[in-house]
Amino acid sequence: MPEIIIIPMKKFTTVKDVDDLKELLSLAQKVKQNPFDYQEMGRNKTLGLLFFNPSLRTRLSTQKAAINLGMNVMVMNLNNDGWSIELEDGTVMNEGTQEHIKEAAGVISQYCDIIGVRTFASLTDKIDDYDEVILNKFIDYATVPVVSLESATLHPLQSFADVITIDENKTKPKPKVVLTWAPHPKALPQAVANSFVEWINETDVELVITSPKGFDLSSQFTKGVEINHNQNEALAAADFVYAKNWSSYNDYGKIGTELDDWTITKEKMKLTNNAKFMHCLPVRRNVVVSDEVIDSKNSLVLEQANNRTYAAQTILLKMLQHKSCHSD
Ligand code: AN0
Ligand code: CP
């Protein structure tokens, strides 16, 4: 094991769970350079990954991260394969739900040293979504560290990977980063966008958010950030263009229609400072972004996906330092 001091971590749900982002970024680079240097740390430890929603990147990159650390991994799709979970306390469970989250989280904590949970926003109940009811109950009832694999309002492993990617690709100390809304036929959560804003705000960039009117993110994330409802103006001189669709926060869960001119095209990218293009994936080609842009040499989407492994590995490494993960 290399001689490095790693500060333990009990939960990873937001950038607020990070003591020192610079330290985290430098640990991520060490992990990326020598991913197999820490195999002893995960020996005989088990990661449980619980999915209430689909996933490709999060599922595979977090498994890969755990394998790199010498851990064992168990994955479960709770919606398809598990019992239907009750969230309310005191309910007489004589209807649809079969197992209380209290037992579910308690039981999984017997089998796993670290638990990951993916639980998307309902987009029907804004208060429950923004209170992070499901993730917080898991954290309350689990006795081991919990890592968010995208919750109702945030996607911290994605944002950590995005910050790593921007750090690696910037060519000036304070680049201009534009987060732009893009069209999409289905209602998507605000989590990726909220989380990106939260994380990028902790770094030295000029951030501008652009979205159609009616698609402002919650002010709890955008307070103090420049917002421009004119996409072409916002894109001017951008060094990074991060595209993402999200459904309306104000008119909760509503999608935008007849907004096809928000697609990121080659013409739009010409307004920028030869910007790098970013998206968390999965992406709908020629809806969110044109083929030409995502296939161009300026596209960072695969680098982002690659960095998901090192983001997850860095967080798992910190969680393995937590006292609940030590047998002594
Ligand atoms: C999800 C979202 O927008 O939150 C996951 C992104 C990582 N995207 C889709 O459901 C298409
Ligand atoms: N970016 C991301 O989290 O992808 P998945 O939904 O495929 O995990």
Side-chain angles (χ1 to χ4, degrees), residues 12-14 47 49-66 73 75-80 116-124 126 129-130 132 134-135 147-166 179-200 209 211 215 217-218 221 242-249 252-256 262-264 277-289 294 299-316:
F12 183 70
T13 62
T14 156
L47 172 68
L49 297 177
L50 309 175
F51 288 89
F52 286 98
N53 315 95
S55 169
L56 186 155
R57 279 141 292 273
T58 304
R59 182 170 168 151
L60 296 180
S61 64
T62 312
Q63 280 194 59
K64 183 172 176 190
V73 193
V75 186
M76 185 163 178
N77 296 323
L78 288 175
N79 278 349
N80 303 332
V117 183
R118 166 163 282 199
T119 170
F120 283 178
S122 67
L123 296 179
T124 54
K126 184 174 180 171
D129 285 351
Y130 273 73
E132 293 286 6
I134 299 180
L135 184 67
V147 48
S148 163
L149 305 175
E150 185 173 340
S151 67
T153 68
L154 294 169
H155 193 359
L157 285 176
Q158 181 66 49
S159 309
F160 181 18
D162 295 337
V163 166
I164 295 171
T165 309
I166 289 176
L179 170 64
T180 177
W181 186 94
H184 198 278
K186 295 261 169 66
L188 296 186
Q190 295 96 34
V192 171
N194 289 339
S195 190
F196 182 72
V197 172
E198 195 193 57
W199 280 72
I200 204 73
I209 305 174
S211 65
F215 288 87
L217 296 168
S218 163
F221 297 104
Y242 196 112
K244 182 72 183 83
N245 171 267
W246 58 88
S247 60
S248 176
Y249 173 75
Y252 197 57
K254 285 276 151 47
I255 63 168
W262 281 77
T263 303
I264 296 295
F277 173 80
M278 299 179 74
H279 189 280
C280 63
L281 306 181
V283 71
R284 289 188 184 234
R285 282 174 172 255
N286 303 310
V287 177
V288 170
V289 57
I294 194 168
S299 173
L300 296 180
V301 295
L302 295 184
E303 286 190 41
Q304 290 172 263
N306 185 36
N307 281 329
R308 289 293 306 272
T309 299
Y310 307 109
Q313 196 172 333
T314 304
I315 297 306
L316 293 177

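Atoms within a ligand are numbered from 1 in the order they appear, just like the ligands themselves. Note that this is a predicted model, so its numbers are computed, not measured. Below, each value reflects all heavy atoms present in this structure, side chains not excepted, and no hydrogens, waters or symmetry copies.
Note: no N/O pair closer than 3.5 Å links Pro54 and ligand 2 by distance alone. Remark: ligand 2 and Glu150 share no N or O pair separated by less than 3.5 Å (distance only, no angle test). Note: an N/O pair closer than 3.5 Å links Lys244 and ligand 1 by distance alone.
Taking every non-hydrogen atom of Arg308 and a distance limit under 4.0 Å, the qualifying atoms of ligand 2 come out as 1 (N), 2 (C), 3 (O). If you number the atoms of ligand 1 from 1 as listed, the ones under 4.0 Å from a heavy atom of Leu188 come out as 3 (O), 9 (C), 10 (O), 11 (C). For ligand 1, the atoms lying closer than 4.0 Å to a non-hydrogen atom of Leu281 are 7 (C). Set against the non-hydrogen atoms of Pro189, the atoms of ligand 1 under 4.0 Å away are 2 (C), 3 (O), 4 (O). The distance from ligand 1 to the heavy atoms of Glu150 drops below 4.0 Å at these ligand atoms: 2 (C), 4 (O), 5 (C), 6 (C), 7 (C).
Note: His279 and Phe277 have parallel aromatic rings, judged against thresholds of 30 and 60 degrees for the angle between ring planes.
Of the protein's non-hydrogen atoms, the one nearest atom 1 (C) of ligand 1 is Phe120 CZ, 4.0 Å.
If you look at His155 next to ligand 2, the close heavy atoms, those under 4.0 Å, all belong to the side chain. Proximity of Arg118 to ligand 2, defined as any heavy-atom pair under 4.0 Å, is confined to the side chain (atoms from C-beta onward).
For the ligand labelled ligand 2, residue Gln158 lies inside the 4.0 Å heavy-atom shell.
Pairing each heavy atom of Leu123 with each of Ser247, the nearest pair is CD2-OG, 3.7 Å.
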